Every structure is written in structure tokens, then in C-alpha cells.
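Structure first, commentary second.
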Amino acid sequence: MLLLLLSTIISKEGHFKLSGIIELPYDLVICEKPDAALRIAQALGSLSFKKMSRLEKAKRERLPPVFSVTDRNNQRFVVCSALGHLYGLVDIRGNRTIYPVFDVTWRPLKKKGTHGFKTSAKTEQIIRSISALSHKATRIVHACDYDQEGEVIGYNILQYACDNKYESSLRAKFSTLTDEEIRNSFDNLLRPSKGLAEAGRSRHMIDFIYGVNLSRALTQSYKVSNEGKAFCNLSIGRVQGPTLAFVVEQDIEIRNHISDPYWTISGEFEKNGHRIKAHYHKQKITTQSQATFIVNECTDQYGKITTIKDEKVGSKAPNPFSLGDLQSEAYRVFKFSPSHTLAIAEKLYLDALISYPRSSSQKLPASINYKKIILHLSSFVDSTTGGAVYSILASKLLAKDHLSPNEGRKTDPAHPAIYPTGEKPKRRPQSAEIKLLDLIIKRFFATFGDPAISQHTTITILVKDEHIFIADAKKMIYEGWMYFYKPYSNGSPLGDQTNLPLLRNDDILKSVAITMSEKFTQPPVRFNEASLLQKMEKEKIGTKATRSEIISTLFKRNYITSTNTYSRESIVVGGVGGRTRSGIEATDIGFELVQSMHKYIPNIVSTNLTRSMEEQLDNIEVGKAKSAAVIEAAMDRLKEAIVSFKEKEIDIGRQITEAIAITRNEQRQRQQITLGTCPICKNGELRIIKSNTTQKRFVGCSNYSTGTCKAAAPLPQKGLITKMEKICNVCKWPMVKSTYGGQSKNPWVFCVNMQCPSKKQQQNENI
DNA sequence: GCAAGGTC
């Protein structure tokens, strides 16, 4: 079998300089991404080491590679790749102040939003190269991911770059990119599914119609009511809307929560010098008098053991990571925000340390070769200590008779769950990357582990024939998978104690302390970024790849904010991405937007829009509905809403203006991070303030505005400033820590006072 | 400087 990586040098005219071999007949295979193209080429043919090195070159140039392979039936394939969507919807007029717009059309994507890796020129280049290859192809195989978006990506390329070849193309259908599935799909090529492509393209249209138009309406209303003198970028969409509404609704619930008191009762019993802790069988007692009554009844009494239950409880190994699982776990153990986790995972993926991270699968096919990966991991060496990091864990796993991961139910059309590849890092990873990689490796190990087993003992103590107390104990008796997942194992929550002394039925215990404590019912717990993402997953809005981005957008637009800019131990100022704070609350802007949208077009802040859209898309897919009719209906609904919105435009804009003013003011206050009492005037507070004029941060006294204290100090403008909970013992000014770039291991700790004698001393010493 | 959805 022959595999040849074609030179991907493309001349300015877009023609390939192909080696002579390309003159032979071939089928063109169009893939969604380079990674898939590589796998497909490998599955059809085979990849020699030499050609792999040429692939690296294509990677460096950031262009998708092109492979030529001959399969086992002597059929030649040229495998090429897109880079996700190459075409997107654009507003023909391109004037953002005009709405509603419906004149939209598919065009080569101008430029990629966030990371800037896909420039307009590059998109055009890829399109030209695929176009050139398609002209000479005998047949064209559409081999993008077998899902709705994949169908659209391939459809657009085949229609726009390959002269309307969609209908005549063939479709490869695979559910994961394993050799077997790929070969099987090429042995059984299907007709393309026009319905699916139509459904997907309609999805793009509907999202554009609602999202772009309503965002423009909001932005304009603000501008108009400020007579064109102010601008604020406002947005809303099918996913942003309901996600924001989740936060707003919860805020309202929290605001309206009325705390009710209740009482809990705990008891301590004694037998032969052993103390046994127990709790009253009713966990909540609603009146104080009843609680007092029980305490009085049971104090200095004897209780009899009526039942003893002993059971072994197993907890199965965790599932392999889907992206969502990884994001919530990284939040739980490291407090990484979901978008930060995705960003790190992408780096690890691009360094070939882990598999494709944007996967919703919880399955790991055996074809990835568990044993080989574990073997490779066992030789990982800690760069500072030189010790093997995973060798003990790996050898324990390798000693098992057979390896089979505890797979979860979720699947993905193109990828397995996230797993470590076993490749060694080629550069020194940053600390966050090391953390996430360690989590992924240990999770991978843990999925092969046995169930963990703990012993649960529950005894029932009856006092005065009426009052029941429960004493329970939990004890781990077999670690199983938890051994591999340390230090991330949750452990099983303990009972009242880890051990109960040997007790028997009918034993009599003396009650030595019966106490009650007053508690209050709590309002719902606020969302954090991880739980908000889980809520989106549960409500089935957004996708694995976009959810965290959409949450970030809500932050960026100042619709939502963290209730606490402080982490528990320290105050963190000016950090980028990274750690998230404790809870999320809606700002006034967020409230205002949900309220006005609720009035004019309630669908946009409800998951119903997604639900009904999906239903209609399903109908389009199977031919029960026409795409044009569905889109027209969406336009009609939007037009209606826009008419009533425009009538009230000034009013809405005013309300938003007010909300923006309040939110900005609150933010300004929030940005002033306190560092403790001012050492100069002794009654003001030193705070980290961002200057409104220079945008620079500095330390200033709160009495500055009253003119009574001029204490101030400059700060480094880059990196994280973290408050230390101590003051300088020379000058009594607060100490802070500055962390910049990858230097998290060697932060700079200093007192903020520039005039501090300790600094003079240091300077003198240096001289 | 607008959506949501792909991708490096």
C-alpha cells in the first residue's frame, strides 16, 4: 500500500504543483479537519515515517495536509481537509445599524473570531486547493463528521467550491475515527443526506435571523435613546438568551427566598467507655418547642439498639472524560473555568499529549490500544525530581488480567472520549497544563479500576420506646479505582464516624449528650461557571464546543458577574481567564435584557426556541417540512416582534441606559480591592484602583476623594496582583504578590510602599 | 462592535 503526502504548495493562482502520480485516476475525500484526514488516510492506506515528517511541515504552515493513498482494493484516494466551516452567512449590505435584515448569503468565512488562526486568505487558499483537486476527481467522498454541522460543512464545500457536486457525491458514515469503522464506511459509501444538510443550513439561518437582528435592535435602542452619542455592544441569541435567563431566574429565587428556621438534634451515647455519635432520625424539626421536648426527653436516658445493618457498598469506576465532564471536574478540583479548561485542553491536544478534546463521548474503543498508552505513561518522568510519575499506577494496571474501561452512555459522531496519548511533552508544559494533563491521565487510569468498596454500618438506637437515633459509620475497605485517581478521588462522604465499636442488638447505651442546634433553610445555590455549563448541557442548548464560550460572552457583555471577585485565601486582581470565582449573579443589564426580551419576544429567553427549532429541523431532515417555509415563519415572527419593539425603542433604550449606568458603577466599586487600613491617615482604606484616565492600576487611600489623605503607590501593570494577608514589618504598608507569565512558582512578594526603608536598604546592599 | 457553529 502506498501513501504519499502531496506537496501542499499552492501557487498564487491556486493551482497545485502535484507530482506526476496525481495524473492517475483518484477519488477525492473531503474531511472536516486535518486530524480526521490523517486518520482516514491512515485507515485507507498506511503512513510511512518519512511522510509523517512531511505532515509536520504542513502543520507548521497551518494548512490542512493532502494525502494520496491506495487502499487494499488498489483504489486511489486523495484525502484533503477543511478547517471546520469554510463558509458562513453574511449580511449582504453589511450595515450593522440596519435591521431587520434577511438578505443573507453563504460566503467564504472572512476571519475566525477568537483565536485568529483561520485568516481570510487561508480560507480562500483552502477553498482553491479543494476546488482544484475536485476538478480531476473521479468521485468525491464527503467524509466530514457524520452530524448536522458536518453535513453542512461538506455540503457548502461541494456546492460552492466543487461546482454543485453535493448531489453526485458519496457519503462516508462513521461514528468514530477508528480504522475499522473508516474502512467499513468506505466499503459502504452512502448517498449524501440532503435533508440533513438543509436542516443544518436552516439552523444557521434561524440563528442569524433571531440573533443578529435582535442584537442590532438592542444595540440601536441604546444608541438612539442616547441620541447617537453613546455606544454599547449588546447581544442576544438562541443560546445566550436562555442561559442568561437561568441566572436571572435563580437570582430572583434567591432574592425572594425566605429563610425558615429548623432544628437538628444530635446525640452522643456511651457503652463500655466507647462514645458513639448519632443523629435524630428526623433530620429537620420545624419548631423549637418540639426540639426542646425531644432533648429533654432523651437527656440522661438509656437507649436500646434495635437494629444493626451492615452492608458493603460499591462505587463503580468513573467514566472516561467527555469535554463537559472534564470541564466540571477541572472546576471541582482546580477551580478552572470551563473556557480556561477548553483552552488548555486544546494546547495539550495540539502538542499531541491528549486526544481530541471537543468530544461528547464517554467511550474509549479498544483500538486506541490501552496497554500501549499505559506503558508509555509509565515512563513519564517528573522534570524537577527526575522520578517516574506514573510507573507504580501503570504497573498495577498492567498486572490486571484484562483492561476494560467503565464507559459511559454518551457518544460522539467523530471522536472517542478524551484520553492521554502517552506522548511525552516536547516542551516544558505550564503549570496549568501539567495539572490538567495529570487529571486526564489519572482519570484514564481510574476508568480501568475495580469498583471501590466501603462498609456502611447503620445502627438504630431507641430511647424511651419513642425516639429513634441513627448512628452510622462508613469505612473504605477496598480502594479500587480511587487508588488511581488520587488526589482527585472524592472519597465517600463519611457517616457520623469511621468506626463503630462492636455492638449487638439489644445492647443498652447511655445518652451522654443530647444537643439541638438551630439552622435555617437556605436559598438555592448560585450557579458557578461549571454548574451553569451543566445546566446548559441538561437543557440541551449550545454544543460541547460553544457552551463555555457563550458563558464567557455573557461575562464580556456584563450581563452576568461573579458575586465574589475574591478567592477564598487571597484577593486576585486583573487576572486573565484562569480561576473562576465563587458564584454568578445577573447584573442590572442582564435583568433588564431578560425583562424586555420577555415582553417583546419571550422565545429568545426560553429554551422553547431551541426545542421548537429542533422539531422543525427534524421535519426538514426527513422531508416533512420545507426549509424555506420554516425560515419564512421565523422571519414573520421576528418581524412582528421587531415592529412592537421599535415602537418602544426609546423607552427600552432608556431602561437599558439606566441599567448600564448602575452596572458600570457597581463594577467600578468592585474593582476597588481593599488592602487594609491606610498606614498614613490610619482611618481610610488602601485599595487597588484602576485609574479612569490612564486605565492603570495603583494603590490609593479611600480618603483621597475627601482630600484628607494622599497615600498612593504604583503597581506593576502586568500579571496578577494578589493580596497577602500580612503587612510589611518595616513600614506597615500591605504586602502583595505579583505573578507574571509562567513565573507562578517564583512570585514576587513585596510591600507596596515605594518609600519603604527596607527597599532603600536592599538598594544599598546591592551597591 | 451582532448569533451559533465548526476549526487550529
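Computed from a predicted structure; not experimentally measured. In what follows, every chain begins at residue 1, and chains take the letters A, B, ... in the order their sequences are listed.
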Position toward the 5' end of DNA chain B (nearest nucleotide), A:Glu32 or A:Met205: A:Met205
With respect to the side chain of A:His204, which nucleotide from B:dT7, B:dA4, B:dC2 is positioned closest? B:dA4
So, does A:Arg557 get its side chain near the phosphate of B:dC2, meaning an N or O under 4.0 Å from OP1 or OP2? yes
Kindly determine whether A:Thr341 and A:Leu326 satisfy side-chain contact (heavy atoms from CB on, under 4.5 Å), including the steps that lead there. CA-CA 8 Å; A:Thr341 296; A:Leu326 175 65; 3.9 Å; yes
Consider the side chain of A:Leu109, meaning its heavy atoms from C-beta on, and name the nucleotide among B:dG5, B:dT7, B:dC2 that approaches it most closely. B:dG5
Which nucleotide in B:dG1, B:dC8, B:dA4 has an atom nearest any side-chain atom of A:Leu350: B:dC8
I want to check one thing: is the phosphate of B:dG5, taken as OP1 and OP2, less than 4.0 Å away from some side-chain N or O of A:Gln148? no
Quick check for you: among B:dC2, B:dG5, B:dT7, whose closest atom lies nearest to any side-chain atom of A:Asp145? B:dT7
Could you tell me whether the side chain of A:Met536 reaches within less than 4.5 Å of the side chain of A:Ile551, counting heavy atoms only? yes
note: A:Ile604, atom CD1; B:dA3, atom C1'; distance rounded to Å ~ 9 Å
On DNA chain B, more 5' by nearest nucleotide between A:Asn213 and A:Pro34 is A:Asn213
Is a side-chain donor or acceptor of A:Ser81 paired with a backbone partner of A:Lys33 at a separation under 3.5 angstrom? yes
Is the phosphate of B:dC8 approached by A:Tyr349 (side-chain N or O, under 4.0 Å from OP1 or OP2)? yes
To the nearest Å, give me how far apart CE (A:Met536) and C1' (B:dA3) are. 13 Å
In whole Å, I'd like the distance from the CG atom of A:Leu86 to the C1' atom of B:dG5. 13 Å
Looking only at side-chain atoms of A:Val239, point me to the closest of B:dG5, B:dC2, B:dC8. B:dG5
OP1 or OP2 of B:dA4 less than 4.0 angstrom from a side-chain nitrogen or oxygen of A:Arg201, does that happen here? no
Residue A:Ser215, side-chain heavy atoms: nucleotide from B:dC8, B:dA4, B:dC2 that is nearest: B:dC2
So A:Ile236, base contact, sugar-phosphate only, or nothing? Heavy-atom distance under 4.0 Å. sugar-phosphate
Could you state the atom-to-atom distance from CD1 of A:Ile30 to C1' of B:dT7 in whole Å? 16 Å
Just to be sure I understand the rule, does A:Tyr356 reach a base, reach only the sugar-phosphate, or reach nothing, if contact means heavy atoms closer than 4.0 Å? sugar-phosphate
Rounded to whole Å, please give me the gap between CD1 in A:Ile550 and P in B:dG5. 5 Å
Nearest 0.5 Å please: distance from the CG atom of A:Asn213 over to the CD1 atom of A:Ile236. 13.5 Å
How long is the line joining NE2 of A:His415 and C1' of B:dC8, in whole Å? 13 Å
Taking A:Thr546 for the side chain and A:Gly542 for the main chain, is one N or O donor matched with an acceptor at less than 3.5 Å? no
Could you check whether A:Arg216 gets within reach of a base, just the sugar-phosphate, or nothing at all, counting any heavy atom under 4.0 Å? base
Quickly work out the A:Lys544 NZ to B:dT7 P distance and round it to whole Å. 7 Å
N/O donor-acceptor pair under 3.5 Å between A:Ser202 side chain and A:Ser627 backbone: no
Counting the atoms with a prime plus P, OP1 and OP2 as sugar-phosphate, which does A:Asp207 contact under 4.0 Å by heavy atoms, base, sugar-phosphate, or nothing? base
Counting just side-chain N and O atoms, does A:Thr546 come under 4.0 Å of either OP1 or OP2 of B:dA4? no
Answer with base, sugar-phosphate or nothing: what part of the nucleic acid does A:Gly88 contact at a heavy-atom distance below 4.0 Å? nothing
Any A:Arg203 side-chain N or O less than 4.0 Å from OP1/OP2 of B:dA3: no
Distance, rounded to the nearest Å, where A:Met613 contributes CE and B:dG5 contributes C1': 11 Å
When the ring planes of A:Tyr356 and A:His415 are compared, do they come out parallel, tilted or perpendicular, using 30° and 60° as the limits? parallel
